[in-house]
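Everything on this sheet refers to the single structure shown next.
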Amino acid sequence: MHVKILTVDDSRAVRIIIKKAFNSYDCEIVEAANGVEGLAAASKENPDIILLDVTMPVMDGVEMLTKLKADPITKGIPVIMLTAEAGKENVLKIAKIGIRDYIIKPFKGEVLVEKVGRIVDIRPGSEVETKRKKLSDECEILVVEDKETIINQIREGLEHTSWKITGVNSAGEAINFTQFTIPDTIIISLSLPEEEAFSLFRMLRSNTKTKYVPIFGMAVKTAINEQKYAQQSGFTNIITKPINCNELETKISKAINLDTSERYFTLEEEFLVVRIPENVQNSTIIEIRGYLKAQISNSVNNGYNKVVFEVQSQKSVNMDIIKLMVEAMQICQDLTLTYLLVGDSKVSSECLGFEESKNWIFHESVEEAKNSLVKVAG
């Protein structure tokens, strides 16, 4: 949800700090240099929250706050006061007029974000979201588990990725870790003592920094009640023990919206190579189809005009794979791209049994397909 924040401060430096603090959130910052400008902006812009300095020329923050609360239109807007005065009497005086919180100057941006996040729902901004991580990018995965063998299993199962797996043994260690590092995903063992997992979940969800981080619950398959309670509490997903690390990788990738296209699409020399992996599941077909048009179109934009479809690793083909290939070929035809197929004799023979693929011709390797296209071009 887009949040509008009005900052009223005569210090341009402070306004810059505030803008920078919310730069990665879906927030619009409206600025005013004194109370008179602030009142006008509050009436015109109808902000979701106001950050109001106490000491300003023309009209100070206390006077502006008083006028805000006297106006039926603006009295409901929550206000956080920024003050260089930590005196108890001054803070109490301001609080009586009606503020939600206050911050003593100087302050850190993350403190401001934390306090604002307790009052209004701020989310990562569109600029951050468009910078989508790729599968090969480093991701931080925090595992909260009191059994080191489980942490090591996850590390070993995901060691082929670029992900950093950090293991901690308790909720306290997890909270300390998230004060300095925001994980991409958090995995919490539901078997931690004294319902520690659920207390930790609530603390993480109440913290602005970790409010939207995907949190997985981890339990043995037979712990049905724990899993059900975790789902009802709002955990992003459930991982069961013994852990299937391929399934875990897929769930994490989906939860953090990773761009996994590099699993299937690679640019090699002058060719876009599209590889259909071994033992492909229906979910994989859907995943590839989601990338298909964009990846082929992007290859054209990057100057590639030849495509190789490789199904060599398939032990068998089915109608879902055939339909995917037909769709891919149609995209190539629409873009006037040259394309070839790679598959072994068994795949070629099976394709003869489908009306859509009975005339397909396969090369035995990607290199052979590439060489044939080069010869044709020459």
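Rounding to the nearest 0.5 angstrom, the gap separating the CG atom in Leu39 from the NZ atom in Lys44 is 14.5 Å. How far CD1 of Ile5 is from NZ of Lys19: 12.0 Å, rounded to the nearest 0.5 Å. To the nearest 0.5 angstrom, Asn246 atom CG is 12.5 Å from Lys251 atom NZ. Distance check, rounded to the nearest 0.5 Å: CG of Leu142 to CD1 of Ile186 gives 5.5 Å. Between the CD1 atom in Ile252 and the CH2 atom in Trp163 there is a gap of 4.5 Å [rounded to 0.5 Å]. Taking OG1 from Thr74 and CG from Asp71, the interatomic distance works out to 4.0 Å, rounded to the nearest 0.5 Å.
Gln330 contributes no side-chain N or O that, together with a main-chain N or O of Val326, makes up a donor-acceptor pair within less than 3.5 Å. Within the 3.5 Å criterion, the main-chain N or O of Gly353 finds no donor-acceptor partner in the side chain of Ser357. Judged by distance alone, the side chain of Glu310 and the main-chain N or O of Val274 form no donor-acceptor pair under 3.5 Å. Using modelled atom types, no side-chain atom of Ser349 and backbone atom of Ser345 make a donor-acceptor pair closer than 3.5 Å. Using modelled atom types, no side-chain atom of Ser348 and backbone atom of Asp344 make a donor-acceptor pair closer than 3.5 Å. A donor-acceptor pair under 3.5 Å is absent between the side-chain atoms of Ser43 and the main chain of Ala40, judged by distance alone. Without hydrogens or angle criteria, Thr236 side chain to Ile215 main chain gives a donor-acceptor distance under 3.5 Å. The closest donor-acceptor contact from the side chain of Tyr291 to the backbone of Thr260 lies under 3.5 Å. Checking side-chain atoms of Thr181 against main-chain N and O of Thr178 turns up no donor-acceptor pair under 3.5 Å.
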Derivation of the side-chain contact (heavy atoms from CB on, under 4.5 Å) call for Leu337 and Lys306: CA-CA 6 Å; Leu337 299 179; Lys306 305 178 185 72; over 6 Å; no

Verdict with reasoning, Arg263 to Glu249, per salt bridge (Lys or Arg N to Asp or Glu O under 4.0 Å): CA-CA 13 Å; Arg263 284 176 175 162; Glu249 180 185 342; 3.1 Å; yes

From CA spacing to verdict: side-chain contact (heavy atoms from CB on, under 4.5 Å), Glu356, Met319: CA-CA 9 Å; Glu356 293 85 350; Met319 197 60 205; 3.2 Å; yes

Candidate pair Gln231 and Ile238, rule side-chain contact (heavy atoms from CB on, under 4.5 Å), full reasoning: CA-CA 8 Å; Gln231 290 171 331; Ile238 302 297; 3.8 Å; yes

Chi angles and distances behind the side-chain hydrogen bond (donor to acceptor under 3.5 Å, both in side chains) call for Glu367, Asn371: CA-CA 6 Å; Glu367 287 306 314; Asn371 290 335; 5.0 Å; no

Candidate pair Lys133 and Glu138, rule salt bridge (Lys or Arg N to Asp or Glu O under 4.0 Å), full reasoning: CA-CA 8 Å; Lys133 281 190 175 183; Glu138 185 175 294; over 6 Å; no

Verdict with supporting geometry, Tyr304 and Phe271, ring-ring contact (aromatic ring centres under 6.0 Å, His included): CA-CA 6 Å; Tyr304 294 77; Phe271 301 84; 8.6 Å; no

Residues Lys4, Glu45; criterion salt bridge (Lys or Arg N to Asp or Glu O under 4.0 Å); working and verdict: CA-CA 8 Å; Lys4 185 179 289 187; Glu45 300 290 343; 3.0 Å; yes

Full working for side-chain contact (heavy atoms from CB on, under 4.5 Å) between Cys332 and Phe309: CA-CA 11 Å; Cys332 288; Phe309 296 102; 3.8 Å; yes

Test log, rule side-chain hydrogen bond (donor to acceptor under 3.5 Å, both in side chains), inputs Ser191 and Glu226: CA-CA 8 Å; Ser191 62; Glu226 279 186 351; 5.8 Å; no

Lys241 and Glu145: CA distance, side-chain angles, deciding distance, salt bridge (Lys or Arg N to Asp or Glu O under 4.0 Å) verdict: CA-CA 12 Å; Lys241 305 174 188 177; Glu145 167 64 76; 3.0 Å; yes

Check against side-chain hydrogen bond (donor to acceptor under 3.5 Å, both in side chains), Thr266 and Arg275: CA-CA 8 Å; Thr266 56; Arg275 289 185 170 87; 3.2 Å; yes

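Under the side chain to side chain contact (heavy atoms under 4.5 Å, CB included) rule, Lys105 has a single partner from Asp9, Thr83, Val54, Thr55, which is Asp9.
Within a 6.0 Å radius of NZ in Lys69, more than 12 heavy atoms belonging to other residues, nucleotides or ligands are found. Counting non-hydrogen atoms of other residues, nucleotides and ligands closer than 6.0 Å to CD1 of Ile361 gives a total of 12 or fewer. The number of heavy atoms from other shown groups lying within 6.0 Å of NZ (Lys75) does not exceed 12. The environment of CD1 in Ile224 is crowded: more than 12 heavy-atom neighbours from other residues, nucleotides or ligands sit within 6.0 Å. Shown here is Asn302, whose CG atom has more than 12 heavy atoms of other residues, nucleotides or ligands within 6.0 Å.
With 3.5 Å as the limit, one finds no donor-acceptor pair spanning the side chains of Ser365 and Gln312. Counting only N and O atoms by type, the side chains of Glu148 and Asn169 include a donor and acceptor under 3.5 Å apart. Remark: the Ser170 side chain and the Glu173 side chain contain an N/O donor-acceptor pair separated by less than 3.5 Å. With hydrogens and angles left out, the side-chain atoms of Thr166 and Glu140 include a donor and acceptor closer than 3.5 Å. Judged by distance alone, the side chains of Tyr264 and Thr284 never bring a donor and an acceptor atom under 3.5 Å apart. No donor-acceptor contact under 3.5 angstrom links the side chains of Thr208 and Arg118, judged on distance only.
Residues Ser253 and Leu135 are in side-chain contact: their nearest non-hydrogen atoms beyond the backbone lie under 4.5 Å apart. At a threshold of 4.5 Å between non-hydrogen side-chain atoms, the residues Met329 and Leu341 count as touching. Contact annotation: the side chain of Val111 approaches that of Lys115 to within less than 4.5 Å [non-hydrogen atoms, C-beta and beyond]. At a threshold of 4.5 Å between non-hydrogen side-chain atoms, the residues Val342 and Glu364 do not count as touching. Contact of the Leu6 side chain with the Ile49 side chain is not registered, since no non-hydrogen atoms from C-beta on lie closer than 4.5 Å. Looking only at side-chain heavy atoms (C-beta outward), Asn207 and Lys211 stay at 4.5 Å or farther from each other. Side-chain contact between Phe362 and Cys351 is present, with heavy atoms from C-beta onward closer than 4.5 Å. In this structure the side chain of Ile331 reaches within 4.5 angstrom of the side chain of Leu292, judged on heavy atoms.
In this structure, Glu350 pairs ionically with Lys346, as a charged nitrogen and a carboxylate oxygen lie closer than 4.0 Å. Between Lys254 and Glu287 there is no salt bridge, since none of the side-chain N atoms of the basic residue sits less than 4.0 Å from a carboxylate O of the acidic one.
Aromatic pair Phe216/Phe235: ring centres not closer than 6.0 Å.
Cluster annotation: Val213 and Val113 are assigned to distinct hydrophobic clusters (Ile/Leu/Val/Met/Phe/Trp/Tyr, side-chain heavy-atom contacts under 4.5 Å, transitive).
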